[in-house]
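A short write-up of the structure that comes next.
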Amino acid sequence: MRSSLGSLSPYRINADEAPVETSRDGSLGQLLRLLRRHSPISRADLARLSGLTAPTVSTGIAKLERRSLVVALGPGSSSGGRRPGLVEFNARHGYVIGADIGGSYARLALADLNGTIIGRWHAPLRADRSPKAVTALIGSAVLQLLEQQKVPVKKVLELVAGAPGITDIDAGRVLSAPNLTGWNDVPLRDLLQTETGIPSTIENDVNLAALGEGWRGAARGAANYVFLAIGTGVGAGIVVNHMLHHGANWAAGEVGYLLVPDLPADVPRQDKPGALESAVGGRSIEQVWAEMTGSAEVEPGIKATDVFDLAAQGNQKARELLQRVAGHLALAVTNVSLILDLSLVVLGGGVGGHAALLDAMRRRLARNEFARPQLAASSLDGEAQLHGAIWLGIQSAAASGFRRSAVEGENAVPELVAAGT
């Protein structure tokens, strides 16, 4: 049975003290942690930083070398006297895969244990967006990615997938994903493990984006922030005191269901989008724009971001729609900030990071005497979810001492097992 992450993630974003070794020999974990943080480094410096004796360090490094977790680099530079022998963490000991399942697309990234991405894959979802079809697509994509990079599947320690809906990470199930077809109480973790033969973890996609922003993006160093994703759907990933918050029923951050003034007081339902999402989601913006311009249907090729571009260029109708969307979102951000007292809100998604939208929201939030967090656009070029998935995959692998866990059905995909061997 896989270990539970719990409703409040035990992994501290931005912290250097992430768990790396579960063996009884705590010195190995300490050395590995220092190696990951300071590579390349000498044995003498490892002894100094760890407080361990030189023989203990040498014995520990030898054990880690036998497990291929450490690589000897040879002599380093000297400030006088004998040149020290350097060692470093072997980031190619294993790999992790991050997967982002959107409402209309899927993306994958293959990374080493330092988080360096070495391969990417992306494609639109097919007409059949059922759980079975989507997991089959991901399985095929994993095979392609590993074959391209000549990485054997046995070296992939973890696959982390983000799902666009309420996700129970303990049970590995997607409870609800209204923007997909038939995604109600879906055992996604088991489906992925059966399809790929790789140990898997699932998370809400926006929660992964929040992790990614805290690790490598606009929220780096922030203790209390929210990642607000506005695209096909609307959702938020909430970080409190450097820790990801899931809530009692895994629904923390489902801000698309927020009840705000001038919007319908819809009762939240798992099988349909909420009131806020129906007003500010990308598809809704496109539909409203079609109505404002006298069209019965959305003009092919016109996206919400195109409407915001027109607003920035002075189009009066587009400006009206932009201000309406910004007003709804500013109220939502204010309400969330009144509860959580945030320092930062990072906006992302296909719509959320648009400069004109950010500017309009800032102007409205500036009216508040408090509950006016800093607003920033995602700095990860639309890949916040993938970076978060990679980060979480590395943490999960580290917590197992970078040992690959066995999964049921691993022998059911021999063509994938053989990839890259």
Side-chain angles (χ1 to χ4, degrees), residues 5 9 11 13-16 18-20 32-33 35-37 39 68-71 88-102 105-123 138-163 189 192-193 196-203 205 207-217 219-220 237 244 348 378-405 407 416 419-420:
L5 296 179
S9 171
Y11 299 125
I13 309 163
N14 300 321
D16 290 323
V20 297
L32 196 47
R33 191 176 300 117
L35 281 161
R36 292 178 66 201
R37 196 188 313 173
S39 286
S68 76
L69 285 167
V70 170
V71 176
E88 73 174 359
F89 173 64
N90 180 17
R92 297 296 175 100
H93 167 77
Y95 299 85
V96 298
I97 293 176
D100 175 25
I101 304 169
Y105 62 86
R107 299 180 295 177
L108 271 68
L110 175 68
D112 67 19
L113 297 179
N114 280 336
T116 301
I117 295 176
I118 63 171
R120 288 179 170 85
W121 175 95
H122 65 88
I138 291 175
S140 175
V142 166
L143 177 60
Q144 293 179 42
L145 197 54
L146 296 181
E147 287 180 336
Q148 289 169 2
Q149 301 303 321
K150 295 181 171 56
V151 172
V153 71
K154 292 286 189 180
K155 294 199 73 172
V156 181
L157 305 183
E158 190 79 18
L159 186 158
V160 176
R189 184 178 66 204
L192 287 173
Q193 290 183 162
T196 67
I198 299 171
S200 300
T201 295
I202 64 167
E203 230 323 343
D205 60 346
N207 285 344
L208 289 179
L211 293 177
E213 292 293 340
W215 181 36
R216 287 183 166 168
R220 187 177 178 88
L244 184 62
S378 170
S379 62
L380 295 177
D381 296 324
E383 291 194 334
Q385 289 90 338
L386 287 177
H387 284 284
I390 290 166
W391 182 89
L392 189 56
I394 292 171
Q395 304 313 305
S396 181
S400 299
F402 297 111
R403 294 180 174 89
R404 192 181 192 278
S405 303
V407 296
L416 187 59

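- In this structure, the separation between CD1 on Ile138 and CG on Leu108 is 6.0 Å, given to the nearest 0.5 Å.
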Run the side chain to side chain contact (heavy atoms under 4.5 Å, CB included) check on Arg92 and Ile118 step by step: do they pass?
-> CA-CA 11 Å; Arg92 297 296 175 100; Ile118 63 171; 3.4 Å; yes

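- Of all heavy-atom pairs spanning Thr196 and Gly139, the tightest one is CG2-CA, 4.0 Å.
- Under the rule for a side-chain contact (heavy atoms from CB on, under 4.5 Å), the partners of Ser68 that lie at least two apart in sequence or sit in another chain are Asn90, His93.
- Listed here is the closest heavy atom pair of Ile390 and Ala109: CD1-CB, 4.1 Å.
- Within the 4.5 Å cutoff, side-chain heavy atoms of Glu203 are placed close to those of Leu244.
- Distance OG/Ser200 to CD/Gln193: 4.5 Å, rounded to 0.5 Å.
- Counting only residues at least two apart or in different chains, salt bridge (Lys or Arg N to Asp or Glu O under 4.0 Å) contacts with residues 378-394 comprise Arg120-Glu383.
- Taking 4.5 Å as the limit, every side-chain heavy atom of Trp391 sits out of range of all side-chain heavy atoms of His387.
- Between Leu386 and His122 the shortest side-chain heavy-atom distance does not fall below 4.5 Å.
- Side-chain contact between Arg216 and Ser379 is absent, with no heavy-atom pair separated by less than 4.5 Å.
- Taking the side-chain contact (heavy atoms from CB on, under 4.5 Å) definition, one finds that Asp205 meets it with Asp100, Pro164, Gln385, sequence neighbours left out.
- The closest donor-acceptor contact from the side chain of Asp112 to the backbone of Asn114 lies under 3.5 Å.
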Derivation and outcome, side chain to side chain contact (heavy atoms under 4.5 Å, CB included), residues Leu192 and Ile198 | CA-CA 8 Å; Leu192 287 173; Ile198 299 171; over 6 Å; no

May I have the step-by-step check of side chain to side chain contact (heavy atoms under 4.5 Å, CB included) for Leu157 and Leu113, ending in yes or no?
-> CA-CA 9 Å; Leu157 305 183; Leu113 297 179; 4.2 Å; yes

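- Side chain of Glu88 to main chain of Ser39: no donor-acceptor pair is present (N/O by atom type, distance under 3.5 Å, no hydrogens or angles).
- Take Ala389 and apply the side-chain contact (heavy atoms from CB on, under 4.5 Å) test, not counting sequence neighbours, and it matches Val160, Leu208.
- Of all heavy-atom pairs spanning Leu380 and Ala384, the tightest one is CD1-CA, 3.7 Å.
- Between the side chain of Arg220 and the backbone N or O of Gly214 there is no donor-acceptor pair closer than 3.5 Å.
- The CD atom of Gln395 sits 9.0 Å away from the CG atom of Leu211 when rounded to the nearest 0.5 Å.
- One distance of note links OH of Tyr95 with CG of Leu145; it measures 11.5 Å at 0.5 Å rounding.
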Intermediate values then yes/no, side chain to side chain contact (heavy atoms under 4.5 Å, CB included), Leu69 and Phe89 | CA-CA 6 Å; Leu69 285 167; Phe89 173 64; 4.1 Å; yes

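- Contact detail for Ser405 and Pro199: the closest heavy-atom pair is O-CG, 3.1 Å.
- Remark: side-chain polar atoms of Arg404 are paired, donor with acceptor, to backbone N or O of Lys154 under 3.5 angstrom.
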